[in-house]
Undergrad: 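Pasting in a structure now, in structure tokens, and then I'll have a few things to ask.
To find a chain, count down the sequence lines: A is the first, B the second, and so on, and within it residues start at 1.
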2 protein chains.
Amino acid sequence: MPLSTAFSVSADRPAANQIVERLRTAIVRLELPPGQMLSESDLAERFGVSRTPVREALIKLAQQGFIEVRPQRGTFITKIRPKELLEARFIREAIETAGIERIVGRLDQATISKCRLLLEDQKAAASAEDVYAFHRADDAFHRALAEATGFERLSSLIEGEKALMDRVRILSLKTTPPFKRLISQHKAILDAVVAGDRQKALSHMRKHLRELLTTLPQASRDHPQFFTETIDPSSDWAETDSGAPL
Amino acid sequence: MPLSTAFSVSADRPAANQIVERLRTAIVRLELPPGQMLSESDLAERFGVSRTPVREALIKLAQQGFIEVRPQRGTFITKIRPKELLEARFIREAIETAGIERIVGRLDQATISKCRLLLEDQKAAASAEDVYAFHRADDAFHRALAEATGFERLSSLIEGEKALMDRVRILSLKTTPPFKRLISQHKAILDAVVAGDRQKALSHMRKHLRELLTTLPQASRDHPQFFTETIDPSSDWAETDSGAPL
DNA sequence: TCTTGTGCACTAGTATACAAGTCGAAAGAG
DNA sequence: CTCTTTCGACTTGTATACTAGTGCACAAGA
């Protein structure tokens, strides 16, 4: 979403929700760069609505950590905070491995088929070099596994943590997309879960998650304006996982 | 907060935030009963402000899961959903045990002192039979351990999950407060963490968390109007933990 | 040149008015 | 009595106007 683009909202559902979705997508895709200031009145004009629904959308996005409202000063796209991403990874490892524990060897056939289909989607997106399609399929794969636990909020929680990491993921997918590696990791996780091999499933999931931010130091140096700080790859920034053995 | 009470907000900080805090406290303490309808205009009148800040407060509370907005119909305090509580417990077990893994044997002296002080607070509150004071000290204890991981969002995440369980906790604390049991569990967790006994610390934390909802079936039968469904204690409702051994 | 003040253009926060949908009670027809 | 219809009193959603605070440009003074 270039900063000058005009959008319109449909009348059949609340404008605020539509604005949330559009802005969130634009933020995650870095079309709205971190640090960028947002003007409520400007957004209202571009969306063709009044300030009220825009404000309500911004409140929601602020609670999700995507924007920061500084009273009487302005509203800004949050810069990427490496420490926050490491936390998100930690939290995801804790939750997603707990989820694995719960579903290993107990996946129903429908979920297995769904996951295998999503793996095909990922392969297709990788061949087409469609970063966003791959991204969507990746999300859906993790969500499918989370939903298989029978816990509804689990997937939305994971999605929230994922979203925080998405901007860096987009950066790295654009430069050096490790499509094949990610796909094979997903396949390994799924196979182990289906086979009921608890240790293997856990270890694959842990490895998968711990690798997600390997591009963080490089990205923070390539785009320092997007980050609150740059990360020195030689430092101990990676020593933030659970410490559990793979 | 009885339904007819009038409140006022101070002018030195955003009204919406003050309203969020007041309503949240009232909801958690069941002063605003689950299922109760809230009127924006009524709240505005009682707080002495216009509908706008009230609406913004309600949006935030809705995102936190405390209220539900049904367009053109009304805004309601959410009823307690047992399944949601079991999820919250599952998530807490995943996250808090991961936190324990990270801090076991590595607590600094300041944190240790702080935690011991909070244990004293809990004892004092138990003696005084002050449910809310105990509740606050309990929150602070878990938060202190979470913050010791060095991860800032961890404690706020835990607090969110705790808050969902708080209404049931308040119910059980009011009828049969297991103060002493909770305190000794806290002490056992802390001692094991300080001593660096990983297995013991994990097992104590797991046990502590899994016991938190033992009063859920009783509470759901005593106050069915607060719940979306009642829980049969003989059912397998408890079989929702991670399955990890104690 | 540097400092200081002053005003203007911006910001978010709040108040108020109106629009659009929902539900129930009362009125009227059979 | 029963069913139907209509009207009105609610609800949340949105638009608009106003308030109060921030910061920057720019001019006036040393």
Side-chain angles (χ1 to χ4, degrees), chain A residues 3-4 6-24 27 32-79, chain B residues 3-4 6-24 27 32-79:
Chain A
L3 277 61
S4 55
F7 281 99
S8 57
V9 296
S10 57
D12 58 337
R13 73 203 173 92
N17 295 343
Q18 299 182 54
I19 296 172
V20 166
E21 289 166 20
R22 279 189 182 277
L23 285 182
R24 183 174 153 135
I27 292 170
L32 287 172
Q36 167 79 35
M37 176 171 162
L38 295 178
S39 161
E40 291 181 356
S41 36
D42 179 50
L43 287 174
E45 208 173 324
R46 292 227 295 269
F47 281 106
V49 297
S50 76
R51 267 183 61 209
T52 309
V54 170
R55 261 184 79 76
E56 303 192 344
L58 292 180
I59 287 172
K60 294 185 185 181
L61 289 168
Q63 279 210 327
Q64 295 172 18
F66 292 109
I67 68 172
E68 186 186 353
V69 178
R70 287 191 278 195
Q72 322 301 351
R73 292 188 199 192
T75 304
F76 302 84
I77 310 287
T78 54
K79 291 206 175 185
Chain B
L3 276 61
S4 56
F7 279 99
S8 57
V9 296
S10 58
D12 57 337
R13 74 202 173 90
N17 295 343
Q18 300 181 53
I19 296 173
V20 166
E21 289 165 20
R22 280 187 182 276
L23 285 182
R24 183 174 153 136
I27 292 171
L32 286 172
Q36 166 79 36
M37 176 171 162
L38 296 178
S39 162
E40 291 181 357
S41 35
D42 178 51
L43 287 174
E45 209 171 323
R46 292 227 295 270
F47 281 107
V49 298
S50 76
R51 268 183 61 210
T52 309
V54 170
R55 261 183 81 76
E56 304 192 343
L58 292 180
I59 288 172
K60 294 185 185 181
L61 289 169
Q63 279 211 325
Q64 294 171 20
F66 292 109
I67 68 172
E68 185 186 353
V69 178
R70 284 191 278 194
Q72 324 302 352
R73 281 173 211 210
T75 304
F76 302 85
I77 311 288
T78 54
K79 291 206 175 184

Undergrad: Treat primed atoms plus P, OP1 and OP2 as sugar-phosphate and everything else as base, then score nucleotides 5-14 of chain C 5' to 3': B for base contact with protein heavy atoms under 4.0 Å, S for sugar-phosphate contact only, - for none.
TA: ------BBBB

Undergrad: With sequence neighbours left out, write down each residue that passes salt bridge (charged side-chain N to carboxylate O under 4.0 Å, His left out) with R51(A), or none if nothing qualifies.
TA: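 If we apply the salt bridge (charged side-chain N to carboxylate O under 4.0 Å, His left out) test to R51(A), skipping adjacent residues, the hits are E40(A).
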
Undergrad: State, with a plain yes or no, whether a side-chain heavy atom of V54(B) is found less than 4.5 Å away from one of L38(B).
TA: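 They are not in contact (no side-chain heavy atoms under 4.5 Å apart), so the answer is no.
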
Undergrad: Applying side chain to side chain donor-acceptor pair (under 3.5 Å), can you list everything that pairs with S39(B), at least two apart in sequence or on another chain?
TA: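 Scan of S39(B) (side chain to side chain donor-acceptor pair (under 3.5 Å), adjacent residues dropped) gives S41(B).
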
Undergrad: Holding to side chain to side chain donor-acceptor pair (under 3.5 Å), I want the full list of residues that pass it with Q18(B), two or more places apart in sequence or in another chain.
TA: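 In terms of side chain to side chain donor-acceptor pair (under 3.5 Å), with neighbours along the sequence ignored, Q18(B) is linked to S10(B).
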
Undergrad: How about I27(A) and T78(A): do any of their side-chain heavy atoms sit closer than 4.5 Å?
TA: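 No; the side chains remain at least 4.5 Å from each other.
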
Undergrad: What is the 5' to 3' range of DNA chain D, first to last nucleotide, that sits under 4.0 Å from any heavy atom of chain A?
TA: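 Range of nucleotides touched by chain A: dT14(D) to dG23(D).
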
Undergrad: For residues T52(A) and R55(A), determine if any side-chain heavy atom of one lies less than 4.5 Å from a side-chain heavy atom of the other.
TA: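 No - every pair of side-chain heavy atoms lies 4.5 Å or more apart.
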
Undergrad: Side-chain polar contacts of residues 57-71 of chain B - donor-acceptor pairs under 3.5 angstrom, sequence neighbours left out - could you list them?
TA:
{"unit_1": "K60(B)", "atom_1": "NZ", "unit_2": "N17(B)", "atom_2": "OD1", "d": "3.0"}
{"unit_1": "Q64(B)", "atom_1": "OE1", "unit_2": "R24(B)", "atom_2": "NH1", "d": "2.8"}

